[in-house]
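These numbers come from the heavy atoms of this one structure, side chains and all, not from hydrogens, waters or symmetry mates. Just so it is clear, the model here is predicted, and its values are computed rather than measured.
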Amino acid sequence: MGSNIPDVGDMAPDFKVLTASEEHFQLKAALKNGHNVMVIFFRGHW
Amino acid sequence: MAEIKKQYADIIKYKTRAYALSVDPPKQSRAVASEMMLPFDLLCDVKKTVIRLYDLVNPFEHGGIARPAIFIINPGGKICYRSIDGTAHRVDLTHVLNFLKAHYDNPDLTNTEPVDKKWIIPSWKTTRQILKNMMLRGNLADWKHYGMFPVSPIIIPLKKLKRKLGEKGKSNDQADSGL
C-alpha cells in the first residue's frame, strides 16, 4: 500500500465529489480563487 | 479534526482553505459537521473514487475507508506538502502550520523535510467506540492501531531505516551504472 500516493512536487489529481451539504466540489475549481487547498483524508464516522 | 478546527483561523490567515474527505455519505457527514461545529466543508467520497485515485484506501476496516493523510495543494495545482498518517500516529499540526507560514512568505516552497508526527492517545469516547466495534461488530482492526502502541515506536523507525537504506542502495546502483 502506498506506492502510488501522489508525492510533493506532483500535480494533484483532480476530483469531483459532493459536500456534506450536497453541493458539488471540484478541486480544480476550488484552486481558482488563488488559495491553497488542504485536503484532509480521515477515517470518517465510526 | 478538532485540532484543525482550533487552528483554522491560522490556516485561513495563510491563504489556505481546508476540506476534510471521508467515504461517509452526506447525511452522516452533516451530522459530524454539526456535532463538531466544523468551520470547513466535509467532502463525501461515497464511491471511494478519490481515495482510490490517491491510493489511500485502507481495505481492512469498515469495508474500505480512507487512510489518514493531509495534502496541501498550491493554487497552481501542485502538491507542496503531504503527510501520510496512521490512526494512532499522525502529523503534528504545528509542523503543518509552520510550513503554511513559510509557504505564505515563499509561495514556491515545497516541503522536503521529514514530517513530524505524534502519537494519539485515544480519548474515552474513542476507546468506548473501539470496544463497541469489537464486541458488536467483531471488528478488531480499530483496536490494532492502539494495541500496537507499545511496539510501533520500534517498528516505525526500523521501517524508515530500511527505506532509507533502500534509497541509498538505489542511488549507488545508479551512480555505478553512470546514470
### Message
What's the separation between atom OG in B/Ser29 and atom CZ in A/Phe42, rounded to the nearest 0.5 Å?
### Response
6.0 Å
#### Entry: Backbone N/O of A/Pro6 and side chain of B/Arg82: donor-acceptor pair under 3.5 Å
yes
### Message
Using side chain to side chain contact (heavy atoms under 4.5 Å, CB included), reason through A/Val39 and B/Ile73 one step at a time and then give a plain yes or no.
### Response
CA-CA 8 Å; A/Val39 183; B/Ile73 301 150; 4.0 Å; yes
### Query
Say you draw a straight line from CE of A/Met38 to OH of B/Tyr14; how long is it, rounded to the nearest 0.5 Å?
11.5 Å
### Query
With respect to B/Leu43, which candidate in A/Val17, A/Leu27, A/Leu18 satisfies the side-chain contact (heavy atoms from CB on, under 4.5 Å) definition?
A/Val17
### Query
Parallel under 30°, tilted from 30 to 60°, perpendicular over 60°: which one fits the rings of B/Tyr54 and A/Phe15?
perpendicular
### Task
Taking all non-hydrogen atoms of both residues into account, name the closest pair between A/Glu22 and B/Pro26 and its distance.
CG-CB, 3.7 Å
### Summary
Scanning both residues in full, the closest heavy-atom pair of A/Ile40 with B/Ala18 reads CD1-CB, 4.0 Å
### Message
Given heavy-atom pairs under 4.5 angstrom as the criterion, report whether the side chain, backbone, both or neither of B/Cys44 touches chain A.
### Response
both
### Message
So for B/Ile11, is it side chain, backbone, both, or neither that comes closer than 4.5 Å to the heavy atoms of chain A?
### Response
side chain
### Query
Nearest 0.5 Å, what's the CG-CZ distance between A/Asn36 and B/Phe71?
15.0 Å
### Query
Is there side-chain contact between B/Arg67 and A/Ile5, with at least one heavy-atom pair below 4.5 Å?
yes
#### Entry: Atom group of B/Ala33 that falls short of 4.5 Å from chain A, counting heavy atoms
neither
### Query
Can you find a pair of side-chain heavy atoms, one from A/Pro13 and one from B/Leu53, that are under 4.5 Å apart?
yes
### Task
Give the intermediate values and the outcome of salt bridge (charged side-chain N to carboxylate O under 4.0 Å, His left out) for residues B/Lys78 and A/Asp10.
CA-CA 6 Å; B/Lys78 198 185 268 186; A/Asp10 293 345; over 6 Å; no
### Task
Check each atom of B/Val46 against the heavy atoms of chain A and say whether the ones under 4.5 Å are side chain, backbone, both or neither.
neither
### Task
Let me know if A/Asp14 has heavy atoms under 4.5 Å from chain B in its side chain, its backbone, both or neither.
backbone
#### Entry: Nearest-0.5 Å distance that lies between atom CD in A/Glu23 and atom CG in B/Asp41
7.0 Å
### Query
Which pair of non-hydrogen atoms, one from A/Phe41 and one from B/Ile51, has the smallest distance, and what is that distance?
CD2-CG2, 3.9 Å
### Task
Say whether, by atom type as modelled, one donor and one acceptor occur between the side chain of B/Arg30 and the main chain of A/Ala20 under 3.5 angstrom.
yes
